[in-house]
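Okay, so here's the structure we're looking at.
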Amino acid sequence: MSDTTPHSDGTLADLFGHALANRSFVIGLLITLIVAAMALMSFFWTPFDVTRLIVADRMQPPSATHWFGTDHFGRDVLSMIMIGARNSIAVALVAVVIGMGIGVPLGCWAAARGGWIDEALMRFNDLVFAFPALLSAIMITAVFGPSALNAVIAIGIFNIPVFARVARAGALSIWPREYILAARAAGKNKTRITIEHILPNIANLLLVQGTIQFALGILAEAALSYVGLGTQPPMPSWGRMLFDAQTLMMVSPWLALFPGCAILLTVLGLNLLGDGISDIFDPRARRRI
């Protein structure tokens with residue numbers, strides 16, 4: 001019998017009720033949905049065309065026409081932030097999918113096999129951890145050149161050992177349980193046990209870690225774009241906008257204020273969302289709500 005954590009203390013309706021009562025979850029979800037809606041809207045509409053340079057409108061402060069002002073090329077900052085949200089979310093999301101898609105199976109496999117396989121995988125994880133995403137991006141860029149794709153690869157590679165560790169730790173805590181022993185006695189192999197029993201029980205851990213890595217991916221993409229290794233011009237990026245604004249802080253502070261606030265709010269929303277999800281699936285935390 002699969003003693004899955006999400007259903008062991010209540011039904012889906014109960015979890016939904018706890019979610020609505022959790023302030024961190026509600027605020028985080030609201031912020032995340034607003035950013036996601038802004039990114040989705042940028043596919044179909046933006047206030048102005050960011051590829052059009054209007055020198056006569058350069059360095060305009062926030063106004064009724066340009067809510068967030070314009071940059072040194074006359075481009076609308078709000079439109080750039082909307083498209084930048086799309087790029088940041090895409091890079092971070094694909095990087096999380098790469099990390100989860102490779103790291104989770106590796107972590108579960110290591111927990112199931114144990115022995116030298118488990119030890120070798122963990123030492124390999126330590127080796128990958130020794131190269132942060134920024135350093136990995138520099139090495140990849142030296143070979144293939146700077147681009148958003150290379151940023152995705154670098155951040156995704158860094159995410160693999162993170163999810164492998166989380167999946168392995170969660171799986172190791174479940175393998176000794178009685179219902180796992182009963183499944184093995186019934187003739188189920190380790191692969192089937194992992195799919196039917198282990199993964200459902202660690203899904204909440206992976207979901208929380210996914211929101212954390214998503215937020216870190218947003219920061220990493222901004223950092224890589226800031227140093228010129230991420231999204232390349234003329235495509236807007238929050239990190240690139242900060243880089244362009246650093247010499248104009250005293251003249252046009254809004255050029256750094258708005259993309260900085262976009263990064264701050266997005267990361268804050270994802271962290272609050274992750275904290276809320278963790279509390280919702282933790283019976284002890286749920287009783288305190």
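Atom set for the values below is all heavy atoms of this structure, side chains included, hydrogens, waters and symmetry mates excluded.
No donor-acceptor pair under 3.5 Å is formed between the side chain of E196 and the backbone N or O of T194. Proximity of a side-chain donor or acceptor of N87 to a complementary backbone N or O of P236 within less than 3.5 Å is detected. In terms of modelled atom types and a separation under 3.5 Å, the side chain of W45 and the main chain of S42 share no donor-acceptor contact.
For the residue pair S237 and S225, the shortest heavy atom distance occurs at OG-OG, 2.9 Å. Among all heavy-atom pairs drawn from L206 and F163, the shortest one is O-CE2, 4.0 Å. Summarising the geometry of G276 relative to N22, their closest heavy-atom pair is CA-OD1, 3.5 Å, with the distance given to 0.1 Å.
Between F68 and F258, the ring-plane angle classifies as parallel under the 30° and 60° cut-offs.
The salt bridge (Lys or Arg N to Asp or Glu O under 4.0 Å) test applied to R165 returns D126, not counting sequence neighbours. In this view, D57 satisfies the salt bridge (Lys or Arg N to Asp or Glu O under 4.0 Å) rule with no residue, not counting sequence neighbours.
You'll find the side chain of R86 stays beyond 4.5 Å of the side chain of M38, heavy atoms only. Residues V152 and I98 meet the side-chain proximity criterion, which asks for heavy atoms closer than 4.5 Å.
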Residue pair L268, I27: steps toward the side chain to side chain contact (heavy atoms under 4.5 Å, CB included) verdict: CA-CA 10 Å; L268 175 63; I27 296 175; over 6 Å; no

